[in-house]
Amino acid sequence: MSTTLPPALRPYLTARHHLLWQEADAFAAEYVAPRVARMEAAPGRVERKIAEWMAARGWFGVTVPPAFGGLGAGHVAKTILVHRIARVSAAAAAILQASLIPVGALLRCATHEQKSRWLPRIAGGSLLLSIAVTEPLGGGHIGGIETIAERSGSQWVITGSKIHIGNNHLAGAHLVIARTAQPGVSSSQALTAFMVEADRPGLTVAEHRPALGLHGFSAGRLDLDHVRVPEDHVVGEIGQGLSVAQSGSILSGRPNLAALSLGLHEAVVDTTTSYLKTRPRYGSVLSDLPVIRHRIGQMEAHLRAARVLAYQAVHLLDLGVPCDAELITAKHLGHKWAAEAAQAAMELHGAHGLDGGYVLQRLWRDIQHTYAPAGTGEVQRLRLAETALHEDPIQWSEHVTAQTDWAPDPTPA
Ligand SMILES: Cc1cc2nc3c(=O)[nH]c(=O)nc-3n(C[C@H](O)[C@H](O)[C@H](O)COP(=O)(O)OP(=O)(O)OC[C@H]3O[C@@H](n4cnc5c(N)ncnc54)[C@H](O)[C@@H]3O)c2cc1C
């Protein structure tokens, strides 16, 4: 697969980004690719080694400012890492991105003291996080959260269950959103975010259950039974958990999922064109048939558009420009077009696409996993309709001040 920098991304990438791109490609080829077969063969096992190697490179601290030991490289850099690793293993990229969502929430909402306590460990690779929002009944409806946190002296006591929590097995601490107000209080005032260390008594991580795809990545259940945390584990204001969760989903989750879909999309197109160029037919090859060329052309058009959407959105975020609609669009169309490409690729491979040892069936399975997280397609379209109808939904990206050390350096790639 090509590791060349696409010219369409030049406006968004600096020389520093270019180096990171090459570093991510080299890492994916040398460390990730050799483990993919093993991960596929053992879907019941959680992949820890790749997480350790990424942690050792400081990549879980890619957005953490240098003052807290991080790379301070920003959102475009984060997208590069997730995108380039996802081309080789979406499961490995999912491990990275799932921890980067709560890291973003800490950067935006934690106090300086809390950042000093947690961010250096994240940047140093000894602490991975998860964000625990989704619940068995409420699903993606944050206002339906039933997990309760109640005060007990100087502590909070948390009880409830969370499901589909990315990195639930790898995380040393979970950013848990729980209800802290009486019924009837508006969701925008009723929820609070808490950092809950994985070894707190009463916290149980359910056994890993393999999913359709993303083998090696764990996204499962957490049960909290009267888990006690001190007051200084509240992240953001009490009652502002909805803001922590929604800003995390829009500013970190959506671009991360766009990058994951993009990596898968590229792998699908590469795999399919390589196959069609060598599959003999009528004295030539399948890629010479006009009807097949039309389908390849469609895949390529969507891939190019998805790539620009994914990078343009995070570039705007790094610049501090309001860009919620761009982030949402990149996630929504990035998944949709990648899933359509994977389906078309299956059809264009005929029966060969179904071969259990062939890469395409893994890509097809993995892409099904980028629809639900960080807002389903329905949710993205609802938010975009609000934008189109000038209903002025909250612009979370407006709350983020551009960090000077994230701003592009003046050297073009
Ligand atoms: C790979 C993966 C990783 C994940 N990681 C995390 C994580 O780290 N942390 C976390 O908290 N969660 C995580 N999730 C969960 C994810 O956020 C939820 O799956 C998502 O929010 C949707 O919830 P649900 O699956 O329960 O579907 P539901 O919310 O039950 O929705 C079911 C269907 O109804 C539709 N629907 C729901 N509400 C509306 C509405 N108002 N209008 C129209 N249609 C609607 C949905 O679009 C969907 O099609 C992850 C999921 C996956 C697959």
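Counting convention: from 1, in listed order, for ligands and their atoms alike. Atom set for the values below is all heavy atoms of this structure, side chains included, hydrogens, waters and symmetry mates excluded.
For atom 14 (N) of ligand 1, the nearest protein heavy atom lies under 4.0 Å away. Proximity of atom 38 (N) of ligand 1 to the protein is not indicated, since no non-hydrogen protein atom lies closer than 4.0 angstrom. Atom 29 (O) of ligand 1 lies below 4.0 Å from at least one non-hydrogen atom of the protein. For atom 32 (C) of ligand 1, the nearest protein heavy atom is 4.0 Å or more away. For atom 6 (C) of ligand 1, a protein non-hydrogen atom is found at a distance below 4.0 Å. Per-atom contact check: atom 2 (C) of ligand 1 touches the protein, criterion being a heavy-atom distance below 4.0 Å. Distance check on atom 25 (O) of ligand 1: every protein heavy atom falls at or beyond the 4.0 Å cut-off.
When each of I122, L71, V103 is paired with F60, the side-chain contact (heavy atoms from CB on, under 4.5 Å) condition holds for I122 and for no other.
Taking a 6.0 Å sphere around NZ of K336, one finds it holds 12 or fewer heavy atoms contributed by other residues, nucleotides or ligands. Around the CD atom of Q182, the shell of radius 6.0 Å holds no more than 12 heavy atoms that belong to other residues, nucleotides or ligands.
Considering backbone and side-chain N/O of H369, none are found under 3.5 Å from N/O of ligand 1. Considering backbone and side-chain N/O of G140, one or more are found under 3.5 Å from N/O of ligand 1.
In terms of protein heavy-atom proximity, atom 50 (C) of ligand 1 is nearest to H164 O, 3.3 Å. For atom 46 (C) of ligand 1, the closest non-hydrogen atom on the protein side is T376 OG1, 3.6 Å.
Rounding to the nearest 0.5 angstrom, the gap separating the CG atom in L257 from the CD atom in Q380 is 8.5 Å.
Contact atoms of ligand 1 toward G166: 5 (N), 6 (C), 7 (C), 8 (O) (distance under 4.0 Å to a heavy atom of the residue). Applying the 4.0 Å criterion to heavy atoms of L382 picks out, from ligand 1, the atoms 42 (N). Each of the atoms 23 (O), 26 (O), 29 (O) of ligand 1 lies under 4.0 Å from some heavy atom of G139.
Not a single heavy atom of T370 lies less than 4.0 angstrom from ligand 1. Ligand 1 has at least one atom lying under 4.0 Å from a heavy atom of I131.
A cation-pi arrangement, defined by a distance under 6.0 Å to the six-membered ring centre and an angle within 45 degrees of its axis, is present between R57 and Y31.
Ring pair H233/W118: centre-to-centre distance below 6.0 Å.
Residues meeting the ring-ring contact (aromatic ring centres under 6.0 Å, His included) test with F68, sequence neighbours left out: H112.
Atom 48 (C) of ligand 1 has its nearest heavy-atom neighbour, among K162, E378, Q380, in E378. The heavy atom nearest to atom 10 (C) of ligand 1, out of those in T134, I101, I145, L129, is found in T134. Distances from atom 52 (C) of ligand 1 to the heavy atoms of P373, A91, G144, A90 show the closest one on P373.
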What verdict does the side-chain hydrogen bond (donor to acceptor under 3.5 Å, both in side chains) test give for T370 and H335, after you've listed the backbone C-alpha separation in whole Å, the side-chain angles of each residue and the deciding distance to 0.1 Å? CA-CA 6 Å; T370 66; H335 163 82; 2.7 Å; yes
Checklist entry - Does the side-chain contact (heavy atoms from CB on, under 4.5 Å) test come out yes or no for L191 and I142, once each step is laid out? => result CA-CA 9 Å; L191 305 172; I142 301 178; 3.6 Å; yes
task: Decide salt bridge (Lys or Arg N to Asp or Glu O under 4.0 Å) for E207 and R221; before the verdict, give the C-alpha distance in whole Å, the side-chain angles of both, and the deciding distance to 0.1 Å.
output: CA-CA 8 Å; E207 193 179 332; R221 185 172 177 119; over 6 Å; no
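Between A206 and N168, the shortest heavy-atom distance links the atoms O-ND2, 4.3 Å.
Using a 4.5 Å heavy-atom threshold, the side chains of Y358 and H349 count as touching.
When heavy-atom distances to ligand 1 are checked against a 4.0 Å cut-off, V379 has no atom that comes that close, whether in backbone or side chain. With a 4.0 Å cut-off on non-hydrogen atoms, A372 touches ligand 1 through its backbone as well as its side chain.
Applying the ring-ring contact (aromatic ring centres under 6.0 Å, His included) test to pairs two or more places apart or on separate chains, those with a residue in residues 182-221 are W156-F194, H169-H208.
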